[in-house]
Amino acid sequence: MSAAQGAMPDAAGLAARGLTVHIGGKTVCRDLDIVFDAGQCWAMLGRNGAGKTTLLHTLAGLRPAASGTVELDGRPLAALSRRQVARRLGLLPQSHQDPFPARVLETALSGRHPHLAPWQWEGALDIELARRALARVDLAGLETRMVDSLSGGERRRLGLATVLTQDPAIALLDEPVNHLDLHHQVALLAMLREATRSGERTAVMALHDLNLVARYCDHVLMLFGEGEVLHGPTERVLTTENLARLLGHPIGRVTSEVGPLYFPM
């Protein structure tokens with residue numbers, strides 16, 4: 001998901017090996033073995049409270065697993081420094097905290113911190129990367145706006161622009177289209193999907209809209225609760241039977257010119 005034109009990092013891979021994750025007395029996943037390969041766009045599905053955010057944070061190395069390991073480029077995540085991890089892996093959180101006043105461009109530029117030496121200021125290239133990222137999420141021209149003056153959708157797009165400015169090979173995105181209008185949902189997911197098609201980028205996204213999942217994600221990871229998971233290619237996993245069991249509600253499906261469409265029965 002590069003904000004730059006041209007240079008791309010080497011193909012990267014994120015993997016879980018025998019991963020078990022607990023939170024609040026619940027098991028999010030048990031003995032999970034999965035590889036998020038370069039070139040893939042994953043959707044993570046589950047009911048509210050299923051542990052999607054917890055699993056994303058565990059994959060990012062921000063919280064410990066009960067057992068098992070997370071690997072980045074074949075190396076245990078725990079053996080890497082946070083700077084090493086942040087140069088390869090980016091996380092878009094579900095919500096944003098802005099305790100200090102900042103402008104839009106300054107916030108996007110924070111994505112460059114892993115690539116700078118301590119006390120090093122951002123250079124012209126860093127600023128150009130941030131401006132390109134802002135343009136890609138339709139925030140061009142708002143560089144000098146204060147962040148606290150943005151709408152919820154604009155703030156969400158700024159969060160994504162910050163990840164794009166970071167320029168990671170692997171992006172973990174927690175509800176990236178939350179607060180966005182329909183146009184921006186479609187435009188940004190299309191942009192993220194296109195970024196993975198180079199074969200050198202990976203996206204893993206917690207989503208709720210089944211039709212957006214079907215349209216833009218080629219792999220799905222379902223969290224059923226009590227540690228049970230199901231994962232694989234979208235066309236195999238995203239069935240009405242699996243979805244009804246996952247969501248606790250019957251789901252219908254019809255075929256359209258843009259692919260399958262899902263709806264509650």
Side-chain angles (χ1 to χ4, degrees), residues 13-37 40-72 77 89-95 156 163 170-179 185 189 192-193 196 202-253 260 262-265:
L14 181 69
R17 311 291 186 189
L19 192 70
T20 297
V21 176
H22 300 309
I23 186 171
K26 298 194 309 182
T27 301
V28 176
C29 61
R30 182 181 294 107
D31 297 325
L32 174 63
D33 286 297
I34 190 170
V35 177
F36 304 102
D37 280 325
Q40 294 178 341
C41 189
W42 283 78
M44 189 180 293
L45 293 175
R47 299 189 205 185
N48 293 339
K52 299 182 294 295
T53 295
T54 298
L55 181 53
L56 285 172
H57 287 189
T58 304
L59 292 172
L62 299 181
R63 69 181 315 279
S67 62
T69 59
V70 177
E71 295 179 357
L72 178 61
L77 202 65
L89 187 151
L91 173 69
L92 177 69
Q94 189 174 124
S95 60
R156 195 64 179 150
V163 174
I170 301 166
L172 305 178
L173 310 169
D174 197 351
E175 300 190 25
V177 296
N178 192 25
H179 299 302
Q185 288 182 31
L189 286 179
L192 291 168
R193 180 67 189 98
T196 65
T202 309
V204 183
M205 302 182 280
L207 294 170
H208 286 288
D209 191 314
L210 302 179
N211 294 314
L212 294 178
V213 171
R215 186 168 180 178
Y216 295 109
C217 298
D218 48 50
H219 286 73
V220 172
L221 168 61
M222 292 182 171
L223 304 180
F224 288 94
E226 301 304 323
E228 183 186 358
V229 302
L230 177 66
H231 57 85
T234 300
E235 63 270 17
R236 178 169 62 82
V237 174
L238 205 65
T239 67
T240 55
E241 293 81 6
N242 288 338
L243 288 170
R245 189 162 69 90
L246 178 75
L247 302 175
H249 191 91
I251 300 295
R253 167 177 163 153
Y262 297 88
F263 56 92
M265 299 285 283

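Keep in mind it's a predicted model, so treat the numbers as computed, not measured. In what follows, residues are counted from 1 in the order of the sequence shown.
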Margin query: Is the ring pair Trp42/His231 parallel, tilted or perpendicular, if the boundaries are 30 and 60 degrees?
Written below: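 Plane angle between 30° and 60°, so tilted.
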Notebook entry, point to check: What do the steps show when you test Leu207 against Tyr216 for side-chain contact (heavy atoms from CB on, under 4.5 Å), and what is the final call?
Noted result: CA-CA 11 Å; Leu207 294 170; Tyr216 295 109; over 6 Å; no
Would you compute the distance between atom [atom1] of [X] and atom [atom2] of [Y] and round it to the nearest 0.5 angstrom?
X      : Y      : atom1 : atom2 : value
Asn178 : Ser95  : CG    : OG    : 9.5 Å
Thr54  : Lys26  : OG1   : NZ    : 8.0 Å
Leu59  : Glu71  : CG    : CD    : 12.0 Å
Glu241 : Ile251 : CD    : CD1   : 11.5 Å
Met44  : Cys217 : CE    : SG    : 11.0 Å

On a heavy-atom basis, which atom in [X] and which in [Y] lie closest, and how many Å separate them?
X      : Y      : value
Gly46  : His208 : O-CE1, 4.0 Å
Val229 : Cys29  : CG1-CB, 3.8 Å
Met205 : Pro176 : SD-CG, 3.9 Å
Thr234 : Val213 : CG2-O, 4.5 Å
Gln94  : Arg156 : O-NH1, 3.5 Å
Leu172 : Leu56  : CD1-O, 3.6 Å

Contact between [X] and [Y] at the side-chain level, heavy atoms closer than 4.5 Å - yes or no?
X      : Y      : answer
Leu221 : Val204 : no
Asp31  : Thr20  : yes
Leu55  : Arg63  : no
Leu243 : Leu45  : yes
Arg193 : Asp218 : yes
Leu230 : Asn242 : yes
His219 : Val237 : no

Next item on the list: Check step by step if side-chain contact (heavy atoms from CB on, under 4.5 Å) holds for Val28 and Thr58.
Entry: CA-CA 11 Å; Val28 176; Thr58 304; over 6 Å; no
Margin query: side-chain contact (heavy atoms from CB on, under 4.5 Å), that's the test. Do Leu19 and Ile34 meet it? Break it down for me.
Written below: CA-CA 9 Å; Leu19 192 70; Ile34 190 170; over 6 Å; no
Next item on the list: Determine, stepwise, if the pair Leu247 / Leu210 fulfils side-chain contact (heavy atoms from CB on, under 4.5 Å).
Entry: CA-CA 11 Å; Leu247 302 175; Leu210 302 179; 4.0 Å; yes
